[in-house]
Amino acid sequence: MRTILTGLALVGLALCSAVGSAAGAAGPSPELVAYGKALVEAGDCAGCHTADPAKPFAGGKRIDTPFGAIYAPNLTPDRDTGIGGWTDADFTRALRTGIAPDGSNYYPAFPYPYFTRMTKDDTLAIRAYLATLAPVTSRNKPPELRWPFGYRGLMRLWNAMYFKPGLFEPDQTKSAAWNRGGYLVTGLGHCGACHTPKNYFGADRDAQALSGNEVGGWFAPRLDGAARTGLKSWSEADITEYLQTGRNAKSHAGGPMAEVVVNSTSKMSDADVRAIATYLKSLPPTRRETIVTPPDAAEMKAGQAVYAKLCIACHEADGTGSPRIYPPLPGNALLQSINPSSTLRIMLDGAHTVTTPRAPNTGEMPAYAKQLSDAEIAAVTNYIRNSWGNAGPLVTPAQVAKARKREANGE
């Protein structure tokens, strides 16, 4: 669930005075710093703000958006190029309203529309942790946005139209776990930044929350209760296992989500991951699933031939594969998504199962970009998306060619 765009473009923000009067001259307590670290991991701040692993949180990472590129800023306590000179008020205002200390507006790729739901105590705990980092001199790079999006003043209009400031409001009719999950999913975890469809101006389509969205050439799948392409068939245990290990008996994490698992959800507490699962399992579908017209017999036969030659050894004739090593294909929600981007990326580039402390064993799928033509990849994709009870919209060779071109351009 997470991020991942220019998002966290300042999730960090503030430092030494982290706890101000509450911590006194002695500085923040170890407990507060540890809690702040846990929050930073839950928000996957490092995922956007670390370009060089040797310089964590020093920024410089390029984040592509539909409007151009933004570079994540330096969150270390360097006073000249980082956030070492920020006050508590600067930090809180930036995180929860998207306004910089100099009064300028941040772009919503930094997910302040989600962070606005965070409590002040949590923002200051994050600040306390960031204050403990080693200062790194790393000047922030200006954005590379298409005209007219480079004019930050336009963000005032965007905020007036789309930004809804306000804390997460607990539902007193729900359990504590549900409310904690809601706080993490809709706030700190900013899952909708990737998984919610956007309008022309990059704002969430709230009526279709968490119903899937294309991000950087991948498709972030539905997290609602859709029967075929959502999480209806997943249990809370399935979701928990997936977030903690990057895999379960139904699917494996790939692309940007694999990074989120490694950097964020696999490090979260058991209680918080289960809370996320509790919340997600309660979500009804926010839009209808697409009615699918099956591929014709010739297309299915062509796809079956490719599958029998290259895929059957790992995924078996019936598609069941080897759960947690080679993901099963029947009933696979991502595989049946209306947008085939993630499936095509895996077909073209191959896949590597991420390793986490709970699941250290690896799995590999070779790349077929050089071995198969656009028509062959389209055919085998259509075959696995429409066999064993699956139903996925038709994929054309032109879509494969487009995905191939995007991959070649590094998009």
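Note: hydrogens, waters and symmetry copies are ignored here, and every other heavy atom, side chains too, is used. A quick note: this is a predicted structure, and the numbers were derived from the prediction, not measured.
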>> Looking at R146 and P66, would you say the former's side chain and the latter's main chain have a donor-acceptor pair under 3.5 Å?
In response: yes
> Between the side chain of S337 and the main-chain N/O of P340, is any donor-acceptor distance below 3.5 Å?
Replying inline: no
> When you look at T123 and F91, which way does the side-chain contact (heavy atoms from CB on, under 4.5 Å) test go after all the steps?
Replying inline: CA-CA 8 Å; T123 65; F91 182 91; 3.7 Å; yes
> Do you see a donor-acceptor pair shorter than 3.5 Å between the side chains of N332 and R228?
Replying inline: no
> Does any non-hydrogen side-chain atom of V136 lie less than 4.5 Å from one of F57?
Replying inline: no
> Are side-chain heavy atoms of T353 and E364 found at a separation under 4.5 Å?
Replying inline: no
>> Would the distance check show the side chain of E376 and the main-chain N or O of S373 forming a donor-acceptor pair, the cut-off being under 3.5 Å?
In response: yes
>> Between K164 and D206, is the salt bridge (Lys or Arg N to Asp or Glu O under 4.0 Å) condition met? List the steps.
In response: CA-CA 11 Å; K164 301 174 183 178; D206 292 332; 3.1 Å; yes
> Do you know which two heavy atoms are closest between V261 and A253, and how far apart they sit?
Replying inline: CG2-CB, 4.1 Å
> Under 3.5 Å, side chain of T50 to main-chain N/O of P56, donor-acceptor pair present?
Replying inline: no
>> Any non-hydrogen side-chain atom of I384 less than 4.5 Å from a side-chain atom of M347?
In response: yes
> Does the ring centre of W158 sit less than 6.0 Å away from the ring centre of F149?
Replying inline: no
>> Under the criterion side-chain contact (heavy atoms from CB on, under 4.5 Å), I'd like the reasoning laid out for L280 against V185: C-alpha separation, chi angles, the key distance, then a yes or no.
In response: CA-CA 8 Å; L280 291 179; V185 169; 4.2 Å; yes
> Can you tell me how far the CG atom of L231 sits from the OH atom of Y242, to the nearest 0.5 Å?
Replying inline: 9.5 Å
> Can you tell me how far the CG atom of L145 sits from the OG1 atom of T65, to the nearest 0.5 Å?
Replying inline: 6.0 Å
> If you take all heavy atoms of N74 and N140, which pair is closest and at what distance?
Replying inline: N-OD1, 2.8 Å
> Tell me, do H195 and P221 make a side-chain contact under 4.5 Å, heavy atoms counted?
Replying inline: yes
> Are Y106 and I99 side-chain neighbours, meaning at least one heavy-atom pair lies under 4.5 Å?
Replying inline: no
>> Tell me the closest heavy-atom pair linking I126 and L39, and the distance in Å.
In response: CG1-CB, 3.8 Å
>> side-chain contact (heavy atoms from CB on, under 4.5 Å), that's the test. Do T381 and Y307 meet it? Break it down for me.
In response: CA-CA 9 Å; T381 300; Y307 184 87; over 6 Å; no
> Between Y71 and E144, does any side-chain donor sit less than 3.5 Å from a side-chain acceptor?
Replying inline: yes
> Does the pair K61/D52 count as a salt bridge with the N-to-O cut at 4.0 Å?
Replying inline: no
> Do the side chain of R247 and the main chain of Y326 share a donor and acceptor less than 3.5 angstrom apart?
Replying inline: no
>> Would the distance check show the side chain of H315 and the main-chain N or O of P327 forming a donor-acceptor pair, the cut-off being under 3.5 Å?
In response: yes
> Is there a donor-acceptor pair closer than 3.5 Å between any side-chain N or O of N386 and the backbone N or O of P294?
Replying inline: no
>> Tell me every residue that passes salt bridge (Lys or Arg N to Asp or Glu O under 4.0 Å) with E241, counting only those two or more places apart in sequence or in another chain.
In response: R324
>> Would you say that I239 contacts K281 through its side chain, given a criterion of any heavy-atom pair below 4.5 Å between the two side chains?
In response: yes
> Do I276 and M268 have side chains that get closer than 4.5 Å, going by heavy atoms?
Replying inline: yes
> So, do F163 and Y112 have ring centers that fall under 6.0 Å from each other?
Replying inline: yes
> Rounded to the nearest 0.5 Å, what separation is found between the CZ atom of F110 and the CD1 atom of I63?
Replying inline: 11.0 Å
>> Using side chain to side chain donor-acceptor pair (under 3.5 Å), reason through T173 and D171 one step at a time and then give a plain yes or no.
In response: CA-CA 5 Å; T173 67; D171 185 336; 2.6 Å; yes
> Of R404, Q399, K402, which is the lone residue that meets side-chain hydrogen bond (donor to acceptor under 3.5 Å, both in side chains) with D374?
Replying inline: R404
> Of all heavy-atom pairs between F219 and S342, which one has the smallest distance, and what is that distance?
Replying inline: N-OG, 2.8 Å
>> With rounding to the nearest 0.5 angstrom, report the CG to CE distance, L334 to M257.
In response: 11.5 Å
> Centres of the W178 and Y279 rings: under 6.0 Å?
Replying inline: yes
>> For R139, I'd like to know if atom CZ has over 12 heavy atoms of other residues, nucleotides or ligands within 6.0 Å.
In response: no
> Taking all non-hydrogen atoms of both residues, which atom of N390 and which atom of R385 are closest, and how far apart?
Replying inline: CB-O, 3.2 Å
>> Walk me through whether Y383 and W388 qualify under ring-ring contact (aromatic ring centres under 6.0 Å, His included).
In response: CA-CA 10 Å; Y383 175 73; W388 316 297; 5.7 Å; yes
> Which distance, rounded to the nearest 0.5 Å, do you find between the CG of L133 and the NZ of K37?
Replying inline: 10.5 Å
>> Checking side-chain polar atoms at under 3.5 Å, does Q208 have a donor or acceptor matched by the opposite partner on T196?
In response: no
>> Quick one: does any side-chain atom of T132 pair with a main-chain N or O of Y129 as donor and acceptor, under 3.5 Å?
In response: yes
> With sequence neighbours left out, what residues match T229 under side chain to side chain contact (heavy atoms under 4.5 Å, CB included)?
Replying inline: R222, A226, E289, Q336
> Can you check whether M155 reaches N159 side chain to side chain, under 4.5 Å on heavy atoms?
Replying inline: yes
>> Just to verify, what does D238 make a salt bridge (Lys or Arg N to Asp or Glu O under 4.0 Å) with, not counting sequence neighbours?
In response: none
> Do D121 and Y35 have side-chain atoms, one donor and one acceptor, less than 3.5 Å apart?
Replying inline: no
> How many angstroms lie between atom CD of E214 and atom SG of C194, to the nearest 0.5 angstrom?
Replying inline: 12.0 Å
> When you look at R406 and R345, which way does the side-chain contact (heavy atoms from CB on, under 4.5 Å) test go after all the steps?
Replying inline: CA-CA 10 Å; R406 292 188 66 170; R345 287 292 291 266; 5.8 Å; no
> Is it true that R62 and D64 make a salt bridge, defined as a side-chain N closer than 4.0 Å to a carboxylate O?
Replying inline: yes
> So, does T116 use its side chain to make a donor-acceptor pair with the main chain of G166 at under 3.5 Å?
Replying inline: yes
>> Determine whether a donor-acceptor pair (N or O, by modelled atom type, separation under 3.5 Å) exists between the side chain of R358 and the backbone of T245.
In response: no
>> Counting only heavy atoms not in L394 (residues, nucleotides, ligands), do more than 12 fall under 6.0 Å from its CG?
In response: yes
> Hey, mind stepping through Y107 and F67 against ring-ring contact (aromatic ring centres under 6.0 Å, His included) and telling me if it holds?
Replying inline: CA-CA 11 Å; Y107 294 104; F67 311 101; 9.1 Å; no
>> Would you say Y114 and D204 are linked by a side-chain donor-acceptor pair, where the criterion is simply a distance under 3.5 Å?
In response: yes
>> For S341 versus N339, what's the shortest heavy-atom pair and its separation?
In response: OG-OD1, 2.5 Å
